[in-house]
Protein chains: 2
Amino acid sequence: MIDHEGPTPLYMQVADAITARIDAGDLLPNRPIPSENQMVQEYGVARGTARKAIQLLRDRGLVITVVGRGTYVAAANDGPTSAR
Amino acid sequence: MIDHEGPTPLYMQVADAITARIDAGDLLPNRPIPSENQMVQEYGVARGTARKAIQLLRDRGLVITVVGRGTYVAAANDGPTSAR
DNA sequence: TACCATTTGTCCGTATGTATG
DNA sequence: CCATACATACGGACAAATGGT
């Protein structure tokens, strides 16, 4: 899954992996994505790397974060450029 | 009613549910809202979560609490910005 | 008087998750 | 990595207030 030796930054690889799971319907809207600690376990990266990946997903508008609760897949039309 | 897996904090969902019942006229002014223990039963949350929801309703000026008696829907003009 | 049931108030601890240094 | 802080959520235990028997 994650290539620790390749040129692509780890946090991008993790973000892309989560994005793929969202696109595949493995992670559903309004449902939690793996926590920071779970990403550390599952992808073998540092917590800071997991946080960077989540930050990237936030910037893409794919997820939302609620302090004290977790990070969730954004609802259907929560994209930055909402269609109308 | 309450989405235990969603991103919205449970105490907010409970507060919104009670607010909806007040707006719908299901809970009338000067009449009690469900007790903390009833909320625990009806919504499947912890008592601390029910208390936080009630605290939120108090902050909104929608209800008033009497120790040993219960929490009641605020009378008509008991809003935070009372007219005149 | 004394009891009792109900309800709110307050404290304890545990767990999880994010935010920050 | 680690520690700290904050927010959410759960569970238990006991006190205080209220109203009725």
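Labels below follow one simple rule: chain letters A, B, ... track the order of the sequence lines, proteins then strands, and each chain is numbered from 1.
- Atoms CG (B/Asp3) and P (D/dA9) sit 11 Å apart, rounded to a whole Å.
- The CD1-C1' distance, from B/Ile2 to D/dC10, rounds to 16 Å in whole Å.
- Nearest to the side-chain atoms of B/Ser35 among the listed nucleotides C/dA19, D/dC10, C/dT8 stands C/dT8.
- B/Gln41 and B/Asn37 share no donor-acceptor pair across their side chains, judged by distance under 3.5 Å alone.
- Atom-to-atom, CD of B/Gln38 to C1' of C/dA5 comes out at 14 Å; the value is rounded to the nearest Å.
- Two residues are said to be in side-chain contact when any heavy atoms from C-beta on lie closer than 4.5 Å; B/Asn30 and B/Tyr72 fail this criterion.
- By the 4.5 Å heavy-atom criterion applied to side chains, A/Val73 and A/Pro32 are not counted as neighbours.
- Atom P of nucleotide C/dT7 and atom CD1 of B/Ile64 are separated by 17 Å, given to the nearest angstrom.
- Between B/Asp26 and B/Arg31, none of the side-chain N atoms (NZ, or NE/NH1/NH2) sits under 4.0 Å from a carboxylate O, so this pair counts as no salt bridge.
- Salt bridge annotation for A/Arg21-A/Asp16: absent, with no cationic side-chain nitrogen under 4.0 angstrom from a carboxylate oxygen.
- Within the 4.0 angstrom heavy-atom criterion, only backbone atoms of the sugar-phosphate kind lie near B/Gly70; the bases stay farther away.
- Considering only side-chain N and O atoms, B/Thr71 lies under 4.0 angstrom from the phosphate OP1 or OP2 of C/dT8.
- With A/Arg69 contributing its side chain and B/Gly6 its backbone, the two residues share a donor-acceptor pair below 3.5 Å.
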Nucleotide-resolved protein contact map, nucleotides 3-8 of chain D, B/S/- at heavy-atom distance under 4.0 Å:
B---BS
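- Here D/dC1 sits opposite no nucleotide as a Watson-Crick or G-U wobble pair (both hydrogen-bonding atom distances under 3.5 Å).
- Here D/dA17 presents its P atom at 16 Å from CD of B/Glu36, a figure rounded to the nearest Å.
- The CZ atom of B/Arg51 sits 17 Å away from the P atom of D/dG12 (whole-angstrom rounding).
- When the C1' atom of C/dG17 is taken as reference, atom NE2 of B/His4 falls 18 Å away, rounded to whole Å.
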